[in-house]
Every structure is written in structure tokens, then in C-alpha cells.
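Model, not experiment: these values are computed from the prediction. So that the names make sense, note that chain A is the first sequence line, chain B the second, and so on, each numbered from 1.
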Amino acid sequence: MKHDKAALKKAADDSNLIRPLMGNEALARGIWEAGVKVASAYPGTPSTEILENLARYPIEDIEAQWATNEKVAFDVAAGASFAGVRAACVMKHVGLNVAADALMSQTYIGVNGGLVLIVCDDPGIHSSQNEQDSRLYAKLAQIPVLEPVDAQEALEFVRIAFDISEEFDTPVIVRSTTRLSHTRSVVKMSDRLDVATRPFIEDPSKNVMIPLHARQRHLMLFEREKKLSAYFDSSPLTRIDEGSSEYGIISQSVAYSYVKEILPAAKVLKLAAAHPLPTKTIKAFCASVDRVFVVEELEPVVEDAVRGMNIKVEGKQWFPQTGEFSPEIVRRGFEEAGILEPLPADEKVDVEIVPTGRPPVLCSGCPHTSTYMAVRGLEARVAGDIGCYTLAAVKPLQAIDTCVSMGSSIANAVGMAKAGLNEKPIIATLGDSTFLHSGIPPLIDAVYNNANITVIILDNHITAMTGGQDHAATGVTLRGIATHQIDFEEMCRAIGVKWIKKVDSYDVGAMFRTFREATEYKGVSVVISDRPCVLDPLKIRGPALQVDAASCIACQSCMNLGCPSLIWSDEWYDGHHKITIDEPTCIGCTLCAQVCPSDCIRPVIAQ
Amino acid sequence: MNVENGKKDAAASATNVLIVGVGGQGVIMVSKVLALLCQKQGYQVKQSEVHGMAKRGGSVFSHVRFGPQVWSPTIPQGKADILLALEWAEGMRWIEHLNAKTSSFIADTQQIVPPFACLNRERGAIMAYSRETPDEVVSKVHRGYALDAGTMAAELGNVRVANTILLGVLSVVLDFPVEDWQDVIAQMVPPKTREVNAKAFLLGREWSKNADIPAPRTRPLLPDAHKTVQSRLEITAAWCKGCDICVKMCPERCLVLNTDQIAEMAQSEKCTGCRLCEWLCPDFAIKVKTEKQTSVTA
């Protein structure tokens with residue numbers, strides 16, 4: 001990352017620099033080049049690096065800040081737009097659900113300074129809880145959604161999105177996907193635009209959405225859509241790669257690159273936006289070919305719209321509606337459609353492979369490990385949440401019963417309690433950043449409605465899952481500036497929680513005792529399980545532990561932790577493998593030593 | 001982007017390098033070195049990676065494609081020209097992406113055993129980790145290199161340069177000027193480690209001349225005589241005070257407290273005889289009895 005920082009600094013000086021950039025770096029560059037003054041985001045894979053990269057540009061150019069959640073990020077950007085500057089907000093696809101409430105009204109209002117949402121979808125669910133298609137939101141909000149194909153287009157489309165936003169008085173979505181966000185390709189960069197601040201528009205009929213005004217503005221949306229459709233008809237962003245008239249393909253985003261890979265000579269209508277569509281161009285294109293294919297990832301947004309134009313079109317019957325595309329998936333679709341002959345089978349390497357399962361795991365010394373080890377001992381119903389700790393749902397911890405969306409855990413627990421689920425204690429577990437994101441309203445609900453639940457806040461002092469981002473309880477901003485640090489105990493007390501305790505996550509015994517007390521309390525109890533993440537903001541290292549092989553009884557008790565530093569040694573005891581500790585990765589958290597019944601795990605003694 | 005109507009078969013013109021390993025090993029760093037090098041050779045290049053959850057010790061892979069024209073950011077299945085594996089089992093996971101007749105395989109034989117490989121509690125359980133040996137695999141690919149880069153790096157005094165040793169081997173397979181490799185590596189590594197990385201790169205090239213395959217890592221199996229033992233739980237009800245430690249801590253969750261609040265075996269078929277309950281019981285109320293079956297010949 002250090003090197004990229006230097007690269008960007010140099011890039012800022014040299015206007016026509018060309019170098020490989022990751023999609024997210026290019027999107028950030030696009031925001032900066034467009035003259036944006038305010039950018040806000042809540043971190044979420046695969047979108048996180050966009051704001052991190054923006055924070056490397058001078059603070060005089062741009063205010064880049066982490067928001068408490070995506071709705072806040074959107075509203076902050078909208079506020080900046082009201083104030084007459086260009087503004088951007090960034091989120092992952094599920095973040096748009098959180099911001100949707102504001103978006104659905106802001107679309108009626110439109111913009112003053114350009115307002116662009118960058119939304120990163122995750123087809124294939126590499127690191128999410130679903131694979132919803134954000135383009136459907138663009139249809140719902142009747143706003144344009146631009147879909148770049150590579151890093152170069154990502155940069156250019158962001159700049160264009162701001163022009164469209166201001167020209168057509170609309171918020172604009174630039175939709176990325178994991179594949180674009182995390183692919184590096186060569187990008188030509190330019191200078192930052194100098195954009196003048198516009199005067200505040202003092203017009204309640206535009207800016208205040210009461211029913212009277214909203215009814216008027218709703219009509220405007222249809223006019224705007226029509227104009228945008230005409231714009232995309234005449235814009236060079238919509239273009240045709242010529243080819244034979246046997247068949248034509250409509251595509252955009254990364255899917256377009258797969259089409260070009262598979263059928264480099266085909267006739268292709270390359271779109272810039274999946275909504276609103278360039279109706280005239282599409283009709284003419286479809287009339288010029290015998291068969292029409294739409295190749296798009298996830299939902300048939302373009303396909304259905306083209307079909308709505310009374311055009312015979314093929315798409316999802318050949319190309320899947322779930323998962324991420326790949327060249328071979330697109331190829332298979334064209335093979336099944338009779339466009340391509342199947343390739344001769346590749347000569348595969350003739351080795352019978354027993355695959356080694358390597359799912360993601362909690363890190364060595366992760367404080368969540370012990371929390372869930374103790375939770376597991378309680379035999380409770382556990383409502384989980386979004387974060388690294390969701391990994392405690394699988395072997396060996398297996399300590400989580402549900403996981404829905406950001407902040408769901410607490411309200412899910414309230415519902416379980418109110419449903420009369422009482423043979424087991426009911427626990428909600430969620431991380432510090434998730435709690436701030438959307439855990440506070442449900443905690444208020446729990447106290448207000450006097451639910452008998454225990455909430456465990458896994459406070460590791462960082463937004464860990466996305467790679468270590470600051471939040472309101474870390475006391476540091478995105479730009480590394482010190483700020484007020486929220487105290488969870490104080491906050492819970494203010495909400496009205498009567499039973500609050502903080503406990504050291506590395507003390508398994510104390511955790512178990514505290515959790516037990518908390519679950520015995522009738523009403524809302526909160527336990528703050530407190531230890532910093534081992535990776536961020538500092539990589540924690542301690543003296544490694546080692547196993548005294550002579551006294552190891554191979555009971556596998558420590559293996560219940562799922563710590564990646566603990567593996568089987570070559571020695572056996574009573575039919576089971578003894579354990580050994582991988583010293584370079586062990587940070588000496590002592591959790592394994594605490595659960596070892598034969599006391600054979602001790603610090604490495606210097607020779 | 002200037003898009004022209006490409007008549008050329010882009011798939012055939014691009015070279016595909018698949019770089020794989022475990023989170024934290026440096027897959028992305030190695031990919032960036034290669035991507036920059038390719039750009040400097042005047043090629044179009046796309047480098048695609050998946051991270052996020054992978055950061056947490058999961059498997060990481062990166063696709064580097066370069067050539068006069070590169071469209072797809074990912075390598076079509078079975079079309080990898082080179083597989084560069086920073087970890088042995090990860091190399092095995094992706095070997096299907098190689099063409100046996102034309103492509104090259106370069107792998108570090110070092111093993112990073114995931115915790116999931118060590119979860120089986122059965123008597124005599126075998127680690128769930130790749131068992132293919134380096135010589136067996138190298139003999140079956142078109143061009144294969146298997147080396148213990150981890151140990152070689154340790155001998156150079158910095159385990160982190162294992163990746164650079166592998167890049168040295170890659171430089172023998174890919175036809176780029178050696179000086180360009182050295183320049184890009186020097187540019188990408190931390191300045192303090194430039195010297196050791198330069199040595200590591202040359203060590204990789206040097207090794208590839210003989211390309212001696214390291215001996216496979218073997219793990220002793222449980223002696224047969226011990227395999228025929230069966231275990232059975234004996235609970236002395238009179239001593240049990242119902243503290244439920246055994247119930248809570250049983251890894252297979254096969255114990256319960258009965259209506260008298262006494263520990264009881266509920267699912268004996270799940271018991272692996274790990275003895276954890278015996279060791280944790282504060283009242284010595286649990287004994288794991290093991291019985292040898294005599295009918296089996298050792």
C-alpha cells in the first residue's frame with residue numbers, strides 16, 4: 001500500500017500518468033478528478049479501498065470520511081450536494097439497502113452539486129450475505145446506473161456520472177462488481193477539475209418532500225428518464241462493435257469483456273448504463289441482426305427491458321442468473337445456444353487430487369475465539385451478526401444459530417424472547433462497528449420492551465472484517481485525526497441498560513462466569529468483550545507458546561478453538577495426534593493454555 | 001478506452017499465469033511484480049484477485065493475463081499456461097487449471113496445514129491434507145518445478161524471500177530480460193531487503209538448472225495395533241454432581257444431563273474416545289474404558 005501511496009502522490013503531480021490501477025483505485029481517482037468536495041462511506045467488501053484511496057488526496061481537495069452506516073454516508077453526500085458541491089458516497093450492494101430509504105426520496109429532489117453513489121456488487125458472494133443486483137434499485141429510483149468494464153472506464157464513468165447528475169438533476173449510481181473493483185489494469189489519468197460551488201437552491205418545492213411537492217416531483221422522474229434515454233442514444237458511451245448480422249449481443253460491465261474474449265468478432269452493442277436504456281439504438285440494433293442475446297451478470301435487467309420493447313431476445317435461458325460469470329460460463333451459454341462449437345477437451349494433469357479444505361478462519365489469537373468458546377459453553381440460542389465472528393458458526397466453534405444482516409442480532413434476540421423461546425438463554429452477539437452501524441436502535445427496542453436477552457458486544461476496537469477501518473468508537477477518523485471516542489458502557493447506560501459488564505476476551509474463565517451471570521439476569525444485560533483485533537490497527541505479536549510433547553495427552557481440547565497456529569504433530573497418544581504450535585504465527589494469547597487440561601502449553605523459553 | 005473491432009482471437013494471444021497461495025503469503029505482491037513487469041514489456045495486462053474473507057487464512061488466488069490484447073480479467077478454466085503455487089496444497093487445488101501437454105507448474109513444497117485438516121477425532125485419523133508427492137506431480141506435468149523455497153529462504157536469512165526465489169524460477173519459464181525482472185523486484189520490495197531479494201532471485205534461477213525435487217514430507221500413521229481399540233464411557237452416577245462441564249466441553253456434544261442432573265451418554269456412536277470429559281471431570285466420575293479387539297491381526 002505504501003507504494004501505491006507514493007504512486008498516487010506522483011500521479012497527482014503528473015497529469016498524464018499511465019499505470020496499472022485496481023478498479024477501486026481508479027474509482028477513487030475518478031472521484032478526485034471530478035472535483036468532488038465531500039465523500040462518505042461505510043466500509044464493505046469489495047468497496048472498502050475506494051475511500052481509503054481517496055483519503056490519500058489532500059484534505060484541501062476533498063473531505064473523505066467514514067460514516068456510521070450507509071444511510072448516513074448517503075445523507076452526508078446529499079447534504080453536500082444541497083450545499084452546492086460535488087459529492088460521492090460509496091457502499092457495497094447490501095449497504096444500498098440501508099441507504100435506500102434516503103435514495104428513494106432524494107431521487108424526487110434531484111441534486112444541486114453532482115451526487116454519485118458508487119455501489120459494489122458481489123456476484124458469486126465472495127464476501128457477503130447475498131448477491132442482490134443493485135441495478136434494480138436504479139430502476140426503482142428511476143435514476144441512471146453506469147456499469148464500467150475495466151479500471152479505465154471506471155475512472156471515466158465516475159467523471160461522466162457527475163456531469164450527468166448535474167445536467168439531468170439526478171443522483172447517479174456507478175455500479176462496480178468484485179471483479180472490477182479487484183482487478184488491476186492500465187489506466188490513463190488526468191487532472192482534477194476545478195468545479196465552482198453552486199449557490200444553495202432555496203426552493204422548498206424541490207427540496208422539501210411533503211406530499212404536495214412529492215406529487216409534482218414524481219411526474220418529473222418520468223420526464224427525466226425519457227431525457228436520459230435520449231442522452232444514452234446519442235452519447236458515444238453507447239457504441240457498436242461491428243460484425244456479422246447473424247446474431248447481435250447486448251452487453252456492458254465486466255460481462256462485456258467475457259463476450260469479447262469468447263467472440264472477438266461478434267456484433268456487440270456495448271451499453272454504458274443498464275438503466276435508462278437507449279431505446280432507439282437498441283431497436284435499430286436488434287432489427288439489424290437475426291438473433292439477439294443479452295449477456296449480463298445476475299438479474300435480467302436489460303433483457304427484460306428489451307423484451308418489454310416487443311423484441312425477441314435470448315439471455316437468461318443460456319446465461320445463469322446466479323453467481324459470477326467467467327469466460328467458460330459465457331462460452332458454455334453460447335455453445336448451448338448453438339453459436340459456438342464446444343472446444344475439444346483440455347488435456348488435464350493426470351493426478352487424483354484429494355482437495356485440502358481451507359475455508360477462512362479466525363486469526364491466531366483472535367479475541368472472538370474465546371468469546372465464542374465461552375458462549376458455546378452456555379448452551380444458549382445465539383443470534384449472530386455480520387463480521388469476522390460469523391466464522392464462529394462453522395466447525396469447530398459452531399456457536400451461532402442465526403446471521404441475517406448488519407445489526408439484526410439484537411432485534412432477532414428480542415423476537416426470540418418475545419416468542420417465548422425460554423428453554424435456553426438468548427444471546428445476541430455483534431461487533432463494535434456493527435453495533436454502531438445498526439445495533440443501537442434494536443438495543444433501545446430491547447430495553448423499551450423489556451426483553452430478557454443478553455447482548456455481547458465483541459469490541460475489538462476496529463472494523464476488522466474489511467481490513468481494519470476506524471469508526472466512532474476508535475477515536476480516530478479516516479484521515480487518522482484524533483476525535484471523540486464513544487464509550488460503549490456509557491452509551492448502554494444512557495439507553496437504559498441496567499446490567500453492563502466489561503470483560504477481558506483473553507480470560508476464558510472470567511468470560512464464562514460473566515456470560516453466565518449476564519444470562520441469569522432478568523432483562524437486558526450487556527457484556528462488552530474487550531480486546532483489540534490482532535491485525536489492526538497494530539499487528540499484535542507476543543512470545544509464542546509451545547507444547548511440551550511429553551505431557552500432551554492428545555485430548556484435542558485446544559483444537560476446539562480452531563486456532564490456525566495449532567496443528568497435529570507427528571506423534572500419537574492413545575490413538576490421537578498430539579498437538580504442536582506453529583511458533584512463527586502464534587502470538588501467545590494463551591487461550592489454548594487456558595483450556596489445556598494437562599497444562600502442557602507453556603511459553604517458549606529462550607535457549 | 002479505445003475499443004476496436006478485434007478480429008484476432010484474444011484468448012490465444014494472452015498468456016495466463018495463475019498465482020495461488022494462502023492469505024498472508026504474498027500472492028498479491030507476487031502478482032503486482034509480474035503485472036508491472038508485463039506492462040514494462042509493452043503488453044496489456046489484467047490482474048484479478050479475490051480477497052476479503054480470504055484474508056482470514058483462506059486460499060487466495062490471483063489471475064495475471066498479459067498479451068497484445070487482454071479482454072477477460074480471469075483465466076478460462078483449463079487455460080492457465082503457468083501455475084505458480086506459494087503453498088503445496090494450494091498448488092494441488094488449482095492443478096486442474098493446467099493443460100498437461102503445454103503448461104508449466106511451479107510450486108513451493110512448504111505446507112501450511114489449515115486447522116480444518118486436524119479436526120477428525122476418530123482413532124488413527126489422518127490429517128486432511130494433500131498427499132500427492134512432489135516427484136509424482138512433476139512427472140505428470142509438461143514442465144514442472146517443485147522446490148522447498150521456504151527452507152532455501154530461511155538459509156538466506158529471511159523467510160519472507162521465498163516468493164522471490166519462486167519468481168527466480170518463473171523467470172526461467174517466462175521469456176523476459178533478467179535485468180527487467182531485477183529492476184521490478186528491486187522497485188517493489190522494501191528498500192532494506194533489496195539485497196537479500198536480489199540474492200533470492202538468483203538462487204531461484206540457479207536452482208532451476210538442476211531442479212532437484214525435495215523429498216516428500218511424510219507423516220507417521222497410527223500403528224495398526226492401536227487402531228483396533230474401542231472406547232466406552234463409564235460414568236459413576238454417585239460421584240457426579242451435575243456441574244455439566246463434560247456436557248459443555250464435549251467436542252462432539254454427545255453427553256447430556258438427565259432428569260436427575262447426572263451426566264449421561266446420549267449419542268455413544270459419536271464418541272471418539274478423546275477423553276476430554278475424563279480429564280475435565282472435577283469429581284473423577286467419568287472413565288473412558290478402552291478395549292482391544294483381539295480378532296484382528298496386526
Side-chain angles (χ1 to χ4, degrees), chain A residues 3 20 45-46 126-127 150 152-153 179 182-186 241-242 254 257-258 260-261 264-265 326-328 346-351 353-363 377 379 388 391 395-396 467 553 555-557 559-560 562-564 566-568 570 572 575-577 597-598, chain B residues 1 5-11 35 39 45-50 52-54 56-59 71-74 76-78 89 92-93 95-96 98-101 113-119 121 123-124 127-132 137 140-141 219-220 222 226 229 248 251 274-276 279-280:
Chain A
H3 303 281
T45 311
H126 297 287
S127 189
D150 59 13
Q152 181 70 55
E153 269 197 7
R179 193 54 54 206
H182 289 170
T183 292
R184 211 172 293 275
S185 59
V186 178
D241 301 337
E242 286 303 337
V254 178
S257 68
Y258 300 134
K260 295 298 282 185
E261 176 86 26
S326 65
E328 57 271 22
D346 288 305
E347 197 122 3
K348 283 201 178 148
V349 180
D350 179 30
V351 218
I353 303 294
V354 187
T356 306
R358 198 188 300 275
V361 290
L362 294 172
C363 304
E379 296 240 339
C388 298
L391 295 171
K395 272 188 168 183
I553 51 165
C555 71
Q556 316 290 316
S557 170
M559 297 305 276
N560 286 343
C563 171
L566 297 166
I567 50 168
W568 286 344
D570 286 346
W572 296 85
H576 297 280
H577 293 267
S598 70
Chain B
M1 193 179 67
N5 176 24
K7 288 271 186 276
K8 221 167 134 197
D9 187 354
Q39 192 212 343
V45 56
K46 280 190 178 171
Q47 181 247 317
S48 190
E49 64 207 39
V50 164
M53 295 282 278
R56 318 279 166 240
S59 66
W71 284 112
S72 166
T74 55
Q77 209 160 15
M92 294 303 100
R93 182 189 315 284
I95 201 160
E96 282 206 332
L98 285 179
N99 182 314
K101 287 277 181 282
V113 176
F116 271 62
C118 306
L119 286 185
R121 306 286 164 100
R123 285 189 79 80
M127 189 182 273
Y129 186 89
S130 157
R131 279 184 283 284
E132 296 71 28
V137 175
K140 288 189 173 158
V141 292
R219 294 193 167 85
L222 183 69
H226 293 280
V229 172
K248 302 267 161 81
C274 76
R275 289 184 188 269
L276 194 53
W279 285 96
L280 291 175

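Of the two parts of Gln39(B), only the side chain, counted from C-beta on, holds a non-hydrogen atom closer than 4.5 Å to a non-hydrogen atom of chain A. In this structure, the portions of Trp568(A) lying under 4.5 Å from any heavy atom of chain B include both its backbone and its side chain.
Taking chain B as the reference chain and counting heavy-atom pairs below 4.5 Å, the highest number among Pro46(A), Pro355(A), Ser557(A) is found for Ser557(A). The greatest number of non-hydrogen atom pairs below 4.5 Å with chain B, out of Ser185(A), Gly377(A), Pro597(A), is found for Gly377(A). Between chain A and the residues Ala117(B), Ser130(B), Pro220(B), Ala128(B), the largest count of heavy-atom pairs under 4.5 Å involves Pro220(B).
How far NE2 of His576(A) is from CZ of Arg121(B): 9.0 Å, rounded to the nearest 0.5 Å. Between atom NE2 of residue His577(A) and atom CE of residue Met127(B) there is a gap of 6.5 Å, rounded to the nearest 0.5 Å. With rounding to the nearest 0.5 Å, the separation of CG in Leu276(B) from CD1 in Ile553(A) is 8.0 Å. Expressed to the nearest 0.5 Å, how far CG of Leu98(B) lies from NZ of Lys348(A) amounts to 11.0 Å.
In plain terms, the two heavy atoms of Ser72(B) and Glu261(A) that are nearest each other are N-OE1, 2.9 Å. The two residues Lys140(B) and Val349(A) make their nearest non-hydrogen contact at O-CG1, 3.9 Å. Across every non-hydrogen atom of Ser257(A) and Trp71(B), the tightest pair is O-CB, 3.4 Å. Contact record, Gly357(A) with Pro114(B): O-CG, 3.3 Å, taken as the closest heavy-atom pair. Listed here is the closest heavy atom pair of Leu222(B) and Trp572(A): N-CZ2, 3.2 Å. Between Arg358(A) and Ala89(B) the shortest heavy-atom distance is NH2-CB, 3.8 Å.
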Please step through side-chain hydrogen bond (donor to acceptor under 3.5 Å, both in side chains) for the pair Arg179(A) and Ser48(B), ending with a clear verdict. CA-CA 7 Å; Arg179(A) 193 54 54 206; Ser48(B) 190; 2.5 Å; yes
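Side-chain atoms of Cys118(B) and Met559(A), non-hydrogen and from C-beta on, do get closer than 4.5 Å to each other. Using a 4.5 Å heavy-atom threshold, the side chains of Leu566(A) and Pro115(B) count as separate. No side-chain heavy atom of Cys274(B) sits under 4.5 Å from any side-chain heavy atom of Cys555(A). By the 4.5 Å heavy-atom criterion applied to side chains, Ile353(A) and Arg93(B) are not counted as neighbours. Side-chain contact between Thr356(A) and Phe116(B): absent, with no pair of heavy atoms (C-beta onward) separated by less than 4.5 Å.
The 12-atom threshold is not exceeded at CD of Glu96(B), counting heavy atoms of other residues, nucleotides or ligands nearer than 6.0 Å.
Listed for the Glu347(A) side chain is no donor-acceptor partner under 3.5 Å among the backbone atoms of Lys101(B).
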